[in-house]
Participant: 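Mind having a look at this structure? Questions to follow.
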Amino acid sequence: MWFIVGAVCGAVLMAALATVHARLRSCAIKRQMQAVTERARKAERLAHLGTLTGGLAHEIKNPLSTVGLNLQLLSETVDDAKLDEPHAGRIQRRITALSEETSRLRAILEDFLRFAGRMKLDRQPVKINALLEELVDFYAPQAEASGVQLRASLDPAADKLSLDASLIKQAVLNLLINATQAMVAARYDDDPDGGATELLIR
């Protein structure tokens with residue numbers, strides 16, 4: 001009799017323990033799933049935030065590059081104007097300060113884009129001839145002020161290219177500025193090859 005009672009009590013106890021264990025396991029699994037779901041939501045929010053801020057950084061970077069290029073041209077214009085001191089020095093110091101701050105902001109943006117994993121070329125289909133003609137129109141007055149005639153000889157069959165227009169403009173403009181400076185320096189140094197006054201983009 002007591003054996004049967006003990007067996008029944010033991011079975012009931014085992015069943016109760018099994019039920020408690022199952023419920024605890026179910027609760028643990030539920031908590032784990034909730035934690036995984038919450039982590040997924042946070043990751044999704046962070047990814048969305050990264051996309052938004054990365055896009056914003058790109059939108060800021062492009063006009064910032066334009067500001068930097070125009071500061072370069074402004075510095076060249078001040079040099080060519082041969083202003084009296086102390087005005088020339090004061091203007092150049094201000095241009096230099098602005099250029100340094102522009103470079104600092106560009107570096108901050110590039111660091112952020114690298115951190116956000118969005119340091120990529122912004123490639124778009126671009127009509128290369130239209131881009132170069134726009135650049136020639138932009139830089140021609142500066143070149144003429146230095147006694148250099150800027151001319152473009154472009155292939156009319158040139159098609160659209162997939163490229164980062166902002167970076168291409170910056171690279172070509174830097175080449176034009178360097179070429180103009182070299183031509184002017186050669187002219188004043190009586191270089192035998194320094195008589196050229198035409199700068200050609202082909």
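All values reported here derive from a predicted model rather than from experimental measurement.
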Participant: CG/L74 to CG/L98 distance, rounded to the nearest 0.5 angstrom?
Facilitator: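 It is 9.0 Å, given to the nearest 0.5 Å.
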
Participant: Could you check whether any side-chain N or O of N129 sits under 3.5 Å from a backbone N or O of D155, counting only pairs where one atom can act as donor and the other as acceptor?
Facilitator: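 Yes; judged by distance alone, with no hydrogens or angles, the pair exists.
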
Participant: Working to the nearest 0.5 Å, report the span between CE of M183 and OG1 of T197.
Facilitator: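 With rounding to 0.5 Å, CE (M183) is 6.5 Å from OG1 (T197).
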
Participant: Taking all heavy atoms of K160 and all of P125, pick out the closest pair and write down the distance.
Facilitator: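 The answer is CD-CB, 4.1 Å.
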
Participant: Looking at CG of L176 and NZ of K169, how far apart are the two atoms once the value is rounded to the nearest 0.5 Å?
Facilitator: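 Between L176 CG and K169 NZ, I get 13.0 Å after rounding to 0.5 Å.
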
Participant: Would you please test I201 and S153 for side-chain contact (heavy atoms from CB on, under 4.5 Å) and show each step?
Facilitator: CA-CA 6 Å; I201 298 180; S153 176; over 6 Å; no

Participant: So, taking the atom named CG in L132 and the one named CD1 in I168, what distance separates them when rounded to the nearest 0.5 Å?
Facilitator: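 Taking CG in L132 and CD1 in I168, the distance rounds to 9.0 Å.
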
Participant: Distance only, no hydrogens: is a donor on one side chain within 3.5 Å (strictly under) of an acceptor on the other, for Q92 and S75?
Facilitator: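 Yes.
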
Participant: So, do F138 and N70 sit near enough that their side-chain heavy atoms are less than 4.5 Å apart?
Facilitator: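 A side-chain contact exists here, since the closest heavy-atom pair is under 4.5 Å.
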
Participant: So how far is it from T180 OG1 to L199 CG, rounded to the nearest 0.5 Å?
Facilitator: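 Output value for this atom pair is 5.5 Å.
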
Participant: With the 4.5 Å side-chain cut-off for hydrophobic clustering, are L131 and L161 part of the same group?
Facilitator: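 Yes; tracing contacts between hydrophobic side chains, which count when under 4.5 Å, links both residues.
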
Participant: Group every Ile, Leu, Val, Met, Phe, Trp and Tyr by side-chain heavy-atom contacts under 4.5 Å, then state whether I91 and V67 land in the same group.
Facilitator: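 Cluster IDs for I91 and V67 match.
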
Participant: Show the nearest heavy-atom pair for residues S162 and R123, with the distance to one decimal.
Facilitator: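 Closest approach of S162 to R123, heavy atoms only: OG-CB, 3.6 Å.
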
Participant: Taking everything shown except R90 itself, do over 12 heavy atoms lie less than 6.0 Å from its CZ?
Facilitator: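 Yes, because the 6.0 Å sphere around CZ of R90 holds more than 12 heavy atoms from other groups.
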
Participant: Quick one: pull up CG in L154 and CD in E133 and give me the separation to the nearest 0.5 Å.
Facilitator: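 Between L154 CG and E133 CD, I get 5.5 Å after rounding to 0.5 Å.
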
